[in-house]
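Contents: one structure, followed by commentary.
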Amino acid sequence: DVFGAASRVPEIAIAEGNHCAAVRTLSHKLIWIDFPPDIPFPASLRRGFALFDLRTDPGAKKDVQAEQPEVFAKLRDAFLA
């Protein structure tokens, strides 16, 4: 929970891990996955960006970047910055 311990909730939080990163707001999460081709990873994941609307999909199961291009662009820009 990237916001749980915060005394003031930031507009955007960024987390990084091995071969992945996430940009998170209270309502959305954008993840970026870039596993090297020689490392196996779960079939449910794919390389690249995926956007999740946590208001309607708290389990982050459905990629909505095609349905919410403005949100995707905003979070992608924050990620690239």
Side-chain angles (χ1 to χ4, degrees):
D1 182 359
V2 297
F3 297 118
S7 60
R8 185 177 73 86
V9 176
E11 181 180 344
I12 292 176
I14 298 174
E16 294 181 63
N18 290 335
H19 310 293
C20 63
V23 178
R24 171 82 195 269
T25 67
L26 287 174
S27 62
H28 290 83
K29 175 171 59 173
L30 178 72
I31 62 168
W32 174 78
I33 298 173
D34 186 28
F35 284 97
D38 60 331
I39 295 178
F41 62 98
S44 62
L45 299 176
R46 62 180 174 79
R47 289 177 178 86
F49 286 108
L51 175 68
F52 302 99
D53 186 335
L54 302 173
R55 299 167 298 184
T56 59
D57 179 21
K61 304 281 186 210
K62 181 182 179 220
D63 183 354
V64 296
Q65 65 181 290
E67 293 93 358
Q68 298 185 26
E70 302 86 14
V71 175
F72 172 69
K74 176 184 175 184
L75 295 182
R76 184 198 60 219
D77 291 349
F79 170 81
L80 294 173

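Values reported hereafter were calculated over all heavy atoms of this structure, with side chains retained and with hydrogens, waters and symmetry mates removed. Being a predicted model, the structure only gives us computed values, none of them experimental.
Taking L54 as the reference, R24, K29, F52, A60 meet the side-chain contact (heavy atoms from CB on, under 4.5 Å) condition, with sequence neighbours excluded.
Atom CG in D34 sits 7.5 Å away from atom CZ in R47 (nearest 0.5 Å). How far CD of Q68 is from OG of S27: 8.0 Å, rounded to the nearest 0.5 Å.
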Residues T25, E11; criterion side-chain contact (heavy atoms from CB on, under 4.5 Å); working and verdict: CA-CA 6 Å; T25 67; E11 181 180 344; 5.6 Å; no
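Between F49 and F72, the two ring planes are perpendicular [angle over 60°; tilted spans 30° to 60°].
Across all their heavy atoms, I12 and K74 have their closest contact at CD1-CE, 4.5 Å.
Considering only heavy atoms from C-beta on, D77 stays 4.5 Å or farther from F79 through its side chain. When side chains are defined from C-beta on, R76 does not count as touching Q65, because their heavy atoms never get closer than 4.5 Å.
Of the candidates V64, D63, V71, D53 forms a side chain to side chain contact (heavy atoms under 4.5 Å, CB included) with just one, namely V64.
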